[in-house]
Amino acid sequence: MTADGVIGLNNTIPWHYSADLQRFKRLTLNSTVIMGRKTWESLPIQPLPARQNIVITRNRALEVENYPSLDLALEQARHEQVWFIGGAELYLEAVQYSELIEVTYVPDKISDISSVRFPIIDWSSWEAGSKIQFVDDPRLYHQQFKSTKARKTT
């Protein structure tokens, strides 16, 4: 996300950083990734390889494992590790199930009024780790936020 929370524009991620994509791949390989329909449609490769891809949608015609609710999707996750990978509506709902939020900060400035931002959440129940600069791309930083509350389970 940008410094002011932009995560998307016109159903795409409005930047491209190889180091960020490589980190995303390392984190999510051999896990379950859950996403909203628009995120699914924006993926350049469908499904993401070596991951269980689940889409939250009411459109059952999609040719991917999909469910109409996050609760149902989580019941079908085959891996212990589950990643919620977007978009903003899913992030807002998924935060109640999350123990960890991984953020990559990009230097881009997106001023378009139609941009999508990370949702406003109650950060008082999250402990912020240090911002760590990427070794492979010093323009980027990542930061972990760990939950200080017991999370909802299904």
Side-chain angles (χ1 to χ4, degrees), residues 1-57 64-66 70 73-74 77-153:
M1 76 169 74
T2 64
D4 60 346
V6 172
I7 59 171
L9 179 65
N10 301 324
N11 292 331
T12 65
I13 297 174
W15 52 77
H16 179 89
Y17 295 100
S18 292
D20 179 39
L21 295 172
Q22 291 168 6
R23 185 169 190 278
F24 173 82
K25 184 177 180 179
R26 278 193 313 272
L27 288 172
T28 63
L29 273 177
N30 302 309
S31 68
T32 298
V33 291
I34 298 178
M35 67 200 89
R37 179 190 51 81
K38 290 179 186 177
T39 299
W40 167 256
E41 291 172 351
S42 75
L43 294 177
I45 298 171
Q46 297 174 332
L48 293 174
R51 286 156 273 209
Q52 178 190 12
N53 290 243
I54 298 178
V55 177
I56 306 300
T57 182
V64 62
E65 187 175 357
N66 63 82
L70 184 52
L74 286 167
R78 293 190 300 266
H79 298 94
E80 187 174 319
Q81 194 167 53
V82 175
W83 293 94
F84 303 111
I85 64 168
E89 289 179 36
L90 178 66
Y91 288 145
L92 184 59
E93 185 178 356
V95 74
Q96 65 184 314
Y97 299 97
S98 301
E99 297 173 357
L100 178 73
I101 298 174
E102 285 272 353
V103 177
T104 296
Y105 295 101
V106 299
D108 303 61
K109 293 184 182 358
I110 311 293
S111 57
D112 193 302
I113 193 165
S114 64
S115 62
V116 176
R117 288 178 164 35
F118 190 81
I120 296 171
I121 64 173
D122 178 6
W123 288 105
S124 68
S125 59
W126 295 89
E127 182 179 312
S130 300
K131 275 190 179 179
I132 301 170
Q133 190 173 37
F134 276 50
V135 173
D136 298 342
D137 189 336
R139 297 172 295 176
L140 306 178
Y141 291 83
H142 66 90
Q143 186 174 22
Q144 289 186 342
F145 296 84
K146 293 183 181 175
S147 174
T148 59
K149 288 185 172 180
R151 307 298 344 145
K152 181 177 179 179
T153 59

Quiz item: Counting only N and O atoms by type, is there a donor-acceptor contact under 3.5 Å from the side chain of R51 to the main-chain atoms of P49?
Solution: yes
Practice problem: State whether the number of non-hydrogen atoms from other residues, nucleotides or ligands found under 6.0 Å of I101 atom CD1 is greater than 12. | Solution: yes
Quiz item: Can you find a side-chain donor-acceptor pair between S31 and H79 that sits under 3.5 Å?
Solution: no
Quiz item: Would a distance-only check, ignoring hydrogens and angles, find a side-chain to backbone donor-acceptor pair under 3.5 Å from Y105 to G5?
Solution: no
Self-check item: From CG (D108) to CG (L9), nearest 0.5 Å
Solution: 11.0 Å
Practice problem: Could you tell me whether a side-chain N or O of Q143 sits under 3.5 Å from a main-chain N or O of V103, the two making a donor and an acceptor? | Solution: no
Quiz prompt | Spacing of K38 atom NZ and E41 atom CD [to the nearest 0.5 Å] | solution = 9.0 Å
Practice problem: For residues I34 and A73, report the shortest heavy-atom separation together with the two atoms involved. | Solution: CD1-CB, 4.2 Å
Practice problem: Would you confirm whether T148, through its side chain, and S125, through its main-chain N or O, come within 3.5 Å as a donor-acceptor pair? | Solution: yes
Self-check item: Gap separating the CH2 atom of W15 from the CE atom of M1, nearest 0.5 angstrom
Solution: 8.5 Å
Practice problem: Please round to the nearest 0.5 Å and tell me the distance separating atom CG of L74 and atom CD1 of I56. | Solution: 7.0 Å
Quiz item: Say you draw a straight line from NZ of K131 to NE2 of H142; how long is it, rounded to the nearest 0.5 Å?
Solution: 12.0 Å
Quiz prompt | I85 versus L48, closest heavy-atom pair with distance | solution = CD1-CD1, 3.9 Å
Quiz item: How long is the span from the CG atom in D137 to the CD atom in Q22, to the nearest 0.5 Å?
Solution: 10.0 Å
Quiz item: Would the number of heavy atoms belonging to other residues, nucleotides or ligands and lying under 6.0 Å from CD of Q144 be above 12?
Solution: yes
Quiz item: Is the backbone N or O of K149 less than 3.5 Å from a side-chain atom of S147, with the two atoms forming a donor-acceptor pair by type?
Solution: yes
Exercise. Indicate yes or no for a side-chain donor-acceptor contact from N66 to the backbone of V55 under 3.5 Å, with no hydrogens or angles considered.
Key: no
Exercise. Kindly indicate, with the supporting measurements, whether the criterion side-chain contact (heavy atoms from CB on, under 4.5 Å) is fulfilled by Y17 and F134.
Key: CA-CA 11 Å; Y17 295 100; F134 276 50; over 6 Å; no
Quiz prompt | Ring centre gap for W123 and F145 strictly below 6.0 Å | solution = yes
Quiz item: Among D4, T2, I7, which one satisfies side chain to side chain contact (heavy atoms under 4.5 Å, CB included) with R117?
Solution: D4
Self-check item: Test side-chain contact (heavy atoms from CB on, under 4.5 Å) applied to L27 and E102, step by step
Solution: CA-CA 10 Å; L27 288 172; E102 285 272 353; 4.3 Å; yes
Practice problem: Write down the atom of W126, the atom of I121, and the distance for their closest heavy-atom approach. | Solution: NE1-CD1, 4.1 Å
Self-check item: Contact summary for L140 and P107, nearest pair of heavy atoms
Solution: CD2-CD, 3.9 Å
Self-check item: G8 to P14 - nearest heavy-atom pair and separation
Solution: CA-CD, 3.8 Å
Quiz prompt | Nearest non-hydrogen partners of N53 and E65, listed with the distance | solution = O-CB, 3.6 Å
Practice problem: Give a yes-or-no answer on whether the side chains of T12 and N10 include a donor-acceptor pair shorter than 3.5 Å. | Solution: no
Quiz item: Do Y97 and V82 have side chains that get closer than 4.5 Å, going by heavy atoms?
Solution: no
